[in-house]
Amino acid sequence: MNKIPMSSPDLTDAERQAVADVMNTPMLSMGQYVKDFEQAFCDRTGAKHAIAVNSGTAGLHLCVRAAGIGEGDLVITTPFSFVASSNVMLFENAIPIFVDIDPKTGNIDTALIKDAIENTEKYLPRKGAKTDAKIKAILPVDVFGQPADMDEIMALAKEYNLTVIEDSCEALGAEYKRNPAGMLGDFGVFAFYPNKQMTTGEGGLVVTNNDEDADYMRAMRNQGRAPGDTWLTHTHLGFNYRLDEMSAALGAVQMSRLDEMLEKRTQVANWYESRLQDVEGVETQFIEKSTTKMSWFVYVVRFDKSINRDELAQTLIAKGIPVRPYFAPIHLQPYMVKQFGYKRGDFPITEDLGNRSLALPFSGVMSEEQVAQVCETIATLI
Ligand SMILES: *Cc1c(COP(=O)(O)O)cnc(C)c1O
């Protein structure tokens with residue numbers, strides 16, 4: 001049997017042809033393909049504006065800028081995520097204020113968000129934040145393709161006048177109470193690294209309904225050129241966060257296949273679920289009622305405390321089955337510990353899930369035989 005990859009893009013000849021078509025034009029950047037790709041997102045999500053960029057991290061960073069989050073400002077977010085969702089605050093010398101998560105879904109705990117707004121001092125890191133700093137925004141993450149509890153979050157944001165940046169980099173195509181993930185806050189961000197639900201190689205995209213913010217983000221991704229600026233006029237100190245035409249052409253075809261690809265991923269997740277539900281000591285993904293559509297990004301299981309997760313992971317890898325502990329808590333990353341003085345025990349639910357979770361090989365092109373092989377191997381080892 002072929003070696004099972006940890007993840008895999010889902011590509012057809014249509015994607016290969018689209019990229020080749022761009023290569024036959026002189027326009028490899030700032031052309032029609034990016035515009036078409038953006039339009040596909042407006043059509044899909046109902047967003048007024050879609051701004052394509054060259055990574056999900058770049059998209060989140062532009063949102064932080066557009067929201068006016070700067071030096072010393074506080075942003076409530078989750079430590080159970082990929083590092084990018086917190087790093088974008090640090091890029092601006094703003095400070096992520098972590099609150100722990102709902103143990104069932106792994107998404108940010110909205111009761112703790114409220115407490116952090118009302119009793120901010122209790123949530124400040126040991127060092128690195130001013131005691132009189134103000135909370136400016138909330139940055140929830142739709143973990144593993146399941147939307148955060150956005151109604152609760154938006155109600156708090158409204159009450160306390162905070163901006164909400166929804167990190168939907170893991171949740172393209174998911175729905176919260178029948179509304180598309182990414183459209184629930186002031187800004188939504190998607191990402192297209194090859195392990196995501198759809199890919200552009202590298203890439204990301206911001207959706208928003210705010211005209212002014214969209215103009216600003218378009219300028220900031222393009223070296224600070226505001227509408228009306230010439231090539232060598234730069235209204236702002238900007239970045240080069242542009243997505244190229246080859247990536248956009250690939251992405252446009254992937255978008256046209258999104259529902260088909262999401263269905264295949266759901267099928268693979270269902271194969272896992274049916275084979276793992278009766279394996280003692282293994283807990284599969286909990287799906288909240290508000291998640292009217294799950295968009296499977298990764299397939300993560302949790303092991304009982306009695307099972308040595310790391311030893312099991314090593315054995316699986318030795319047997320040719322790639323697996324990955326998921327997530328490693330952000331507050332315990334070396335640079336976070338150094339800047340803010342975080343310690344093990346600060347966010348116990350995040351740490352507990354971090355200790356017991358394992359991402360199994362997962363993609364839309366995985367076969368039922370491969371899923372069976374992974375599950376049988378796990379079942380014989382525990
Ligand atoms: C993938 C991802 C991102 C963005 O990653 P890039 O590699 O910059 O595209 C951001 N946040 C989360 C939670 C992610 O999973």
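Fair warning: this is a prediction, and the values are worked out from it, not measured in the lab.
Using a cut-off of 4.0 Å between Lys/Arg side-chain N and Asp/Glu carboxylate O, Asp10 and Arg265 are scored as not salt-bridged. The existence of a salt bridge linking Asp13 and Arg16 is confirmed by a sub-4.0 Å separation between a basic side-chain nitrogen and an acidic carboxylate oxygen. Glu38 and Arg221 are joined by a salt bridge, as a carboxylate oxygen and a charged side-chain nitrogen come within less than 4.0 angstrom of each other. Glu71 and Lys130 are not joined by a salt bridge, as no carboxylate oxygen comes within less than 4.0 angstrom of a charged side-chain nitrogen. In this structure, Lys293 does not pair ionically with Glu175, as no charged nitrogen and carboxylate oxygen lie closer than 4.0 Å.
Atom-to-atom distance recorded for Met217:CE and Asn210:CG is 7.5 Å, nearest 0.5 angstrom. Rounding to the nearest 0.5 Å gives a distance of 9.0 Å between CZ of Phe347 and OG1 of Thr78. Atom-to-atom distance recorded for Ile108:CD1 and Thr350:OG1 is 9.0 Å, nearest 0.5 angstrom. Interatomic distance, CD1 of Ile378 versus CZ of Arg275, reported as 12.5 Å (0.5 Å rounding). Annotation: the span from Arg356 atom CZ to Glu283 atom CD amounts to 6.0 Å, rounded to 0.5 Å. The distance from the CG atom of Asp73 to the CD1 atom of Ile135 is 10.5 Å, given to the nearest 0.5 Å.
Formation of a donor-acceptor pair under 3.5 Å by the Asp229 side chain with backbone atoms of Thr235 is found in this model. One N or O on the side chain of Lys136 and one on the backbone of Gly68 form a donor-acceptor pair closer than 3.5 Å. In this structure, Asn24 contributes its side chain and Ala20 its backbone to a donor-acceptor pair below 3.5 Å. One N or O on the side chain of Ser274 and one on the backbone of Trp271 form a donor-acceptor pair closer than 3.5 Å. Formation of a donor-acceptor pair under 3.5 Å by the Thr284 side chain with backbone atoms of Gln277 is not found in this model. Side chain of Gln197 to main chain of Gly173: no donor-acceptor pair is present (N/O by atom type, distance under 3.5 Å, no hydrogens or angles). Not a single donor-acceptor pair under 3.5 Å links the side chain of Glu202 to the backbone N or O of Ser55. With Thr291 contributing its side chain and Met294 its backbone, the two residues share no donor-acceptor pair below 3.5 Å. Counting only distance, with no hydrogens or angles, the side chain of Gln370 and the backbone of Ile4 share no donor-acceptor pair below 3.5 Å. Side-chain atoms of Tyr241 do not come within 3.5 Å of backbone N or O of Gly204 as any donor-acceptor pair.
Ser8 approaches Val365 most closely through the heavy-atom pair OG-CG2, 3.6 Å. The minimum heavy-atom distance between Ala269 and Tyr299, with the atom names listed, is O-CE1, 3.7 Å. Minimum heavy-atom separation, Cys375 to Tyr272: SG-CD2, 3.5 Å. Across every non-hydrogen atom of Val253 and Ala14, the tightest pair is CG1-CB, 3.7 Å. Nearest heavy atoms, Thr200 versus Gly251: CG2-CA, 3.6 Å. The two atoms that bring Gln32 and Glu245 nearest to each other are N-OE1, 3.3 Å, heavy atoms only.
In this model, no donor atom of one side chain and acceptor atom of the other lie less than 3.5 Å apart for Thr163 and Asp186. Looking at Thr105 and Gln146, their side chains never bring a donor and an acceptor atom within 3.5 Å of each other. Of the N and O atoms on the side chains of Asn355 and Glu351, not one donor lies less than 3.5 Å from an acceptor on the other residue. For the 3.5 Å distance criterion, the side chains of Glu263 and Thr266 fail to qualify, holding no donor opposite an acceptor. In summary, the side chains of Arg242 and Asn222 do present a donor paired with an acceptor at a separation below 3.5 Å, with no hydrogens or angles considered. Looking at Asp310 and Gln314, their side chains never bring a donor and an acceptor atom within 3.5 Å of each other. Between the side chains of Ser306 and Asp304, a donor-acceptor pair is found at a separation under 3.5 Å. Side chains of Asn87 and Tyr335: a donor-acceptor N/O pair is present below 3.5 angstrom, by distance only.
Two different hydrophobic clusters hold Leu258 and Phe144 under the rule that ILVMFWY side chains link at heavy-atom gaps under 4.5 Å. Both Leu360 and Val282 are members of a single hydrophobic cluster when ILVMFWY side chains are connected at heavy-atom separations under 4.5 Å. Hydrophobic clustering, with ILVMFWY side chains joined whenever heavy atoms are under 4.5 angstrom apart, keeps Met366 apart from Tyr326. Trp296 and Leu172 fall into different hydrophobic clusters, where Ile, Leu, Val, Met, Phe, Trp and Tyr side chains are chained together by heavy-atom contacts under 4.5 Å. Hydrophobic cluster membership is shared by Leu156 and Ile69, with clusters built from Ile, Leu, Val, Met, Phe, Trp and Tyr side chains linked at under 4.5 angstrom.
Here Val19 sits in one hydrophobic cluster together with Leu11, Val22, Met23, Leu28, Tyr33, Met246, Leu250; the rule is ILVMFWY side chains under 4.5 Å apart, joined directly or through other members.
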Full working for side-chain contact (heavy atoms from CB on, under 4.5 Å) between Phe91 and Thr57: CA-CA 11 Å; Phe91 295 166; Thr57 307; 4.0 Å; yes

Worked check of side-chain contact (heavy atoms from CB on, under 4.5 Å) between Asn107 and Asp149: CA-CA 8 Å; Asn107 277 327; Asp149 193 353; over 6 Å; no

Residue pair Gln39, Asp43: steps toward the side chain to side chain donor-acceptor pair (under 3.5 Å) verdict: CA-CA 6 Å; Gln39 187 58 48; Asp43 294 346; 2.8 Å; yes

Verdict with supporting geometry, Asp167 and Phe82, side-chain contact (heavy atoms from CB on, under 4.5 Å): CA-CA 10 Å; Asp167 181 343; Phe82 181 62; over 6 Å; no

Worked verdict on Lys48 versus Asp213 for salt bridge (charged side-chain N to carboxylate O under 4.0 Å, His left out): CA-CA 11 Å; Lys48 195 165 175 201; Asp213 290 334; over 6 Å; no

Tyr216 and Arg65: CA distance, side-chain angles, deciding distance, side-chain contact (heavy atoms from CB on, under 4.5 Å) verdict: CA-CA 9 Å; Tyr216 175 74; Arg65 274 299 188 90; 3.6 Å; yes

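Pro96 is not listed as a side-chain neighbour of Val75, based on a closest heavy-atom distance of 4.5 Å or more. In this structure, Asp352 and Pro103 have side chains that are not in contact, with every pair of non-hydrogen atoms separated by 4.5 Å or more.
Using a 30° and 60° split on the angle between ring planes, Phe41 and Phe190 fall in the tilted class, from 30° to 60°. Ring planes of Tyr342 and Phe98: tilted class, angle from 30 to 60°. Below 30°, between 30° and 60°, or above 60°: for Phe327 and Phe80 the angle between ring planes is above 60°, a perpendicular geometry.
Partner His49 forms a side-chain contact (heavy atoms from CB on, under 4.5 Å) with one of Asp211, Asn209, Val207 and no other, that one being Asp211.
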Can you list, pair by pair, the side-chain donor-acceptor contacts under 3.5 Å of residues 315-325, counting residues two or more places apart and other chains?
unit_1	atom_1	unit_2	atom_2	d
Thr315	OG1	Glu311	O	2.9

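In this structure, Phe37 has its ring center closer than 6.0 angstrom to the ring center of Phe192.
Sparse packing is recorded around OH of Tyr193, with 12 or fewer heavy atoms of other residues, nucleotides or ligands lying under 6.0 Å away. Counting non-hydrogen atoms of other residues, nucleotides and ligands closer than 6.0 Å to NZ of Lys127 gives a total above 12.
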